[in-house]
Undergrad: 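Mind looking over this structure? Questions follow.
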Amino acid sequence: MFKLVSDYKPTGDQPTAIKQLTEGLKKGERHQTLLGVTGSGKTFSIANVIQNVQRPTLIISHNKTLAAQLYQEFRDYFPENAVEYFVSYYDYYQPESYIPQTDTYIEKDADINQEIDKLRLSATTSLMTRKDVIIVSSVSCIYNLGSPAEYSKVALGLVGGMKLRQMDLLKRLDQLHYERNEFEFKRGTYRVRGDVVDVFPAYQDYGVRLELLGDTLVSVTHFDPLTGTRIDRSILPTERRGSHSRSLTQDEQDYTEHRMKEGNWGVIYPAKHYITAEERREGAIKQIEKDLELRVEELNKSGKAIQAYRLQQRTKYDLEMIQEIGYCKGIENYSRYFDGRQPGESPYTLLDFFPKDFLVIIDESHITIPQIRGMYNGDYARKSNLIEYGFRLPSAADNRPLNFDEFQRKINQTIYTSATPADWEMSMSIGNVAEQLIRPTGIPDPKVTVLPTKGQIEDLEARIKDKVSKGQRVLVTTLTKRMAEELSSFLLEKDIKVTYLHSDIETLERTNILDDLRRGNYDVLVGINLLREGLDLPEVSLVAILDADKEGFLRSERSLVQTMGRAARHLEGEVIMYADNFTDSMKSAIAEVDRRRALQEKYNKDRGVKPTQIEKPFREKLIDELLEEQLESKKLGKDIDEIDFAQLPPNEIKKEIKRLTEMMKYEAETLNFEKAALLRDKVRGIKKYLE
């Protein structure tokens with residue numbers, strides 16, 4: 001059962017919006033829109049709606065930074081429920097592709113973030129075991145994930161007293177893609193010590209200890225992987241639901257509750273989402289071989305002997321790997337065979353793990369919906385070249401994201417939230433649009449000033465120093481990454497604490513940068529597209545928009561309104577646009593902000609509301625950083641010598657090497673070469689512990 005925990009009560013427009021959205025869902029309305037200005041509490045309103053309807057919910061955001069922020073907010077609102085985070089687990093991703101014009105083949109290359117992978121697995125595990133689930137996701141949720149039926153079917157159920165031979169247990173763990181590792185016990189591995197098997201589930205922060213006596217499992221307990229201390233925590237058995245599972249009988253519930261109290265109950269889910277059932281593997285391989293033969297014949301008849309030879313060699317190698325170890329690089333390209341899907345049939349995605357009555361919230365819908373629409377076409381264009389030139393079988397095209405029609409068929413009721421909803425969602429929600437123009441704090445929209453570009457940097461510098469002297473923060477938006485980095489370097493030379501934020505910054509690091517801005521580790525943040533939608537930064541009192549008259553996507557009416565909204569959470573919020581011309585987008589955006597400001601000021605005057613500054617607590621970070629209290633500053637690297645690296649496990653040493661390397665580069669960029677040299681020597685010394 002969802003239970004909202006908050007010190008706040010709905011105010012302003014919120015009660016009306018919550019009531020309207022809740023009633024719309026109960027009436028069966030498929031499309032509704034929440035049009036709420038920045039800072040009006042759209043997230044809080046949606047949290048109230050979720051509590052009212054008590055349904056599993058998928059919240060889709062268009063970028064990882066906002067998804068992380070929403071995840072933290074909903075985690076705070078629902079501390080007793082399963083709030084999960086599901087985004088692409090790549091810090092770096094280069095998809096497999098072929099450029100025929102230059103005869104260039106680019107192999108798939110990726111850097112997987114293990115922490116995000118854990119969170120993704122945790123999300124699907126929660127859906128398999130609980131009803132009270134909220135998942136905050138990027139558009140990664142529409143990509144092929146593997147069959148939920150196979151995922152749940154192969155899960156290893158454990159009950160103290162069951163018959164289980166160690167040989168069979170180890171075989172089952174291998175089938176679940178857990179690796180045996182006696183030296184480095186990390187997520188996705190297991191180790192064997194006599195009659196005791198320790199498993200580190202890929203989706204949890206604690207290990208599971210399985211104690212056997214002969215052919216009997218006598219105990220299932222949980223422990224801290226670092227200290228080995230037993231944890232009094234059980235994986236709670238809850239009612240399974242959905243098209244791929246059944247409900248527990250009353251006898252089963254009574255039995256599992258009894259085992260739960262003893263701490264002798266558990267389920268271990270796979271370490272990977274893509275699972276291939278053994279009984280289907282043989283048939284799938286035969287079908288792949290048959291399709292390969294037909295495709296090779298087709299290519300040869302078309303005079304493409306090289307492509308035919310290439311395809312035959314690559315596919316046979318993959319099949320040998322699958323037969324030997326059950327897996328191969330790029331196995332997702334054969335997913336259609338192992339899932340039992342027909343050519344062209346939509347893939348299994350995160351949406352298939354939800355029950356049929358789940359609720360979908362599309363955050364910042366004006367940009368998220370177009371992003372969902374565009375995923376399929378981009379993927380198809382890349383796969384077409386790979387198939388045509390013999391790098392992949394035609395079945396590779398079925399390893400894809402959903403197209404927009406498939407996405408709409410898989411979801412049920414949807415609420416679109418945005419300060420600037422697009423025409424499409426407004427047309428879908430005719431008669432079902434709830435407005436939130438009044439902020440609970442009474443803060444009106446910011447005043448907007450347009451200044452010429454001549455002398456803009458000097459003017460910006462002066463305004464930044466004025467705001468910093470008052471303990472306030474500043475956001476600056478540019479048009480390019482290079483401009484953001486160069487402006488950051490310039491301001492840094494002026495002794496201004498500044499950094500930049502753009503798509504090259506790692507996913508989890510973005511959230512840390514925003515937290516550092518709020519805490520005052522930085523006073524200024526320079527960015528591009530990532531400073532538009534949804535960022536909740538109440539300390540920011542000035543938003544400066546450079547090149548505001550350069551008409552385009554980043555300076556369209558909606559983009560400008562969203563960007564200006566970042567200054568709407570501070571009592572002294574203001575926006576400066578540097579431009580030499582008034583574009584139509586600028587005129588429309590300024591007119592809309594002025595209209596909202598007039599309504600808000602009238603509301604405050606009529607009700608005697610005095611605007612108050614937002615006091616927003618600092619949330620726990622998405623991923624806790626090791627020894628963070630010892631590394632007070634990423635820039636200065638204090639207390640590094642106090643860390644005993646010899647006592648750290650190898651994976652944590654690697655993390656520290658990466659962190660210190662980043663610190664070294666930072667010091668070098670800021671010309672602190674002595675500190676950079678010290679950090680360099682420290683990194684060299686730490687690497688010895690890995691030899």
Side-chain angles (χ1 to χ4, degrees), residues 32-36 38-47 49-50 56-78 83-90 113 116 119-120 122-123 133-143 145 349-351 354 358-375 401-402 404 407 410-411 414-422 424-425 501-503 505-515 527-537 558-559 562-563 565-566 619 621-623:
Q32 297 186 86
T33 295
L34 174 58
L35 192 163
T38 301
S40 62
K42 295 189 291 294
T43 302
F44 182 60
S45 295
I46 292 298
V49 172
I50 293 173
T57 303
L58 172 64
I59 302 168
I60 307 176
S61 177
H62 69 278
N63 77 48
K64 296 178 180 180
T65 306
L66 295 188
Q69 180 177 295
L70 287 169
Y71 166 68
Q72 291 173 312
E73 291 178 351
F74 278 99
R75 187 176 60 182
D76 289 347
Y77 285 142
F78 296 99
V83 180
E84 306 286 358
Y85 182 65
F86 189 96
V87 300
S88 170
Y89 52 28
Y90 298 116
N113 187 308
I116 296 180
L119 294 172
R120 285 167 59 93
S122 176
V133 181
I134 297 172
I135 294 183
V136 182
S137 174
S138 65
V139 293
S140 178
C141 65
I142 70 170
Y143 276 78
L145 194 63
T349 66
L350 179 67
L351 305 180
F354 278 90
F358 76 109
L359 174 64
V360 175
I361 310 295
I362 300 185
D363 188 58
E364 305 295 354
S365 59
H366 63 284
I367 194 168
T368 306
I369 290 293
Q371 195 177 72
I372 293 173
R373 286 180 182 274
M375 292 296 104
L402 299 173
F404 194 64
F407 171 74
K410 283 181 179 282
I411 62 177
T414 307
I415 297 175
Y416 309 97
T417 70
S418 174
T420 55
W424 184 85
E425 51 261 41
L501 183 70
H502 55 57
S503 58
I505 306 297
E506 290 186 1
T507 305
L508 301 179
E509 182 66 15
R510 297 175 194 171
T511 305
N512 294 341
I513 288 174
L514 296 175
D515 286 344
I528 314 170
N529 201 24
L530 295 178
L531 298 187
R532 287 175 51 206
E533 287 85 6
L535 295 183
D536 189 0
L537 305 168
R558 286 194 177 92
S559 294
Q562 289 283 351
T563 303
R566 299 316 105 211
R619 293 187 175 90
K621 289 191 176 183
L622 182 61
I623 301 294

Undergrad: I need the Glu73 CD to Ile59 CD1 distance, nearest 0.5 Å.
TA: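 Reported to 0.5 Å precision, the distance equals 9.5 Å.
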Undergrad: Between Ile50 and Phe78, does the side-chain contact (heavy atoms from CB on, under 4.5 Å) criterion hold? Intermediate values first, please.
TA: CA-CA 10 Å; Ile50 293 173; Phe78 296 99; 4.3 Å; yes
Undergrad: Atom CD of Gln562 and atom CD1 of Ile367: how far apart are they, to the nearest 0.5 Å?
TA: 8.5 Å
Undergrad: Roughly how far, to the nearest 0.5 Å, is the CZ atom of Phe407 from the CD1 atom of Ile142?
TA: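 The CD1 atom of Ile142 sits 7.0 Å away from the CZ atom of Phe407.
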Undergrad: Working note: Ser365 + Thr33, criterion side-chain contact (heavy atoms from CB on, under 4.5 Å); need CA distance, chi angles, decisive distance, verdict.
TA: CA-CA 9 Å; Ser365 59; Thr33 295; 5.6 Å; no
Undergrad: Report the distance from atom OG of Ser137 to atom CG of Leu119, rounding to the nearest 0.5 Å.
TA: 12.0 Å
Undergrad: Please confirm whether the backbone N or O of His366 pairs with a side-chain atom of Glu425, one donor and one acceptor, at under 3.5 Å?
TA: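 Yes: the side chain of Glu425 pairs with the backbone of His366.
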Undergrad: Which is it for Ser418 and Lys42 under the side-chain contact (heavy atoms from CB on, under 4.5 Å) test, yes or no, and what are the steps along the way?
TA: CA-CA 8 Å; Ser418 174; Lys42 295 189 291 294; over 6 Å; no
Undergrad: Any chance you could measure Ile46, atom CD1, to Ile415, atom CD1, to the nearest 0.5 Å?
TA: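 Answer for the CD1-CD1 pair, Ile46 versus Ile415, is 4.5 Å.
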Undergrad: Do Arg120 and Ser140 meet the criterion of a side-chain donor-acceptor pair at a distance under 3.5 Å?
TA: yes
Undergrad: Working note: Arg75 + Tyr85, criterion side-chain contact (heavy atoms from CB on, under 4.5 Å); need CA distance, chi angles, decisive distance, verdict.
TA: CA-CA 10 Å; Arg75 187 176 60 182; Tyr85 182 65; over 6 Å; no
Undergrad: How are the rings of Trp424 and Tyr416 set to each other: parallel, tilted or perpendicular (split at 30° and 60°)?
TA: perpendicular
Undergrad: Using modelled atom types and a 3.5 Å cut-off, is there a donor and acceptor pairing between side-chain atoms of Thr368 and backbone atoms of Asp363?
TA: yes
Undergrad: For a quick test of reading the model, state the closest non-hydrogen atom pair linking Ser88 to Ile116 and the distance between them.
TA: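 Residues Ser88 and Ile116, closest heavy atoms: O-CG2, 3.8 Å.
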Undergrad: Determine yes or no for a side-chain-to-main-chain donor-acceptor pair under 3.5 angstrom, with Arg558 supplying the side chain and Thr420 the backbone.
TA: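 Judged by distance alone, yes, a pair lies under 3.5 Å.
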Undergrad: Quick one: does Ile361's side chain get under 4.5 Å of Phe74's, heavy atoms only?
TA: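 No. Closest side-chain heavy atoms not under 4.5 Å.
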Undergrad: Quick one: list whatever passes side chain to side chain contact (heavy atoms under 4.5 Å, CB included) with Phe358, sequence neighbours left out.
TA: Pro56, Leu58, Leu351, Phe354, Val360, Ile411
Undergrad: So do Ile369 and Phe404 actually touch side chain to side chain, heavy atoms under 4.5 Å?
TA: yes
Undergrad: Could you tell me which residues satisfy side chain to side chain contact (heavy atoms under 4.5 Å, CB included) with Ala123, sequence neighbours excluded, listed by chain and number?
TA: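 With neighbours one apart ignored, the set is Glu84, Phe86, Ile135.
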Undergrad: Which atom pair, heavy atoms only, marks the closest approach of Leu70 to Ser61?
TA: CD1-CB, 4.2 Å
Undergrad: Tell me the closest heavy-atom pair linking Cys141 and Ile60, and the distance in Å.
TA: SG-CD1, 3.8 Å
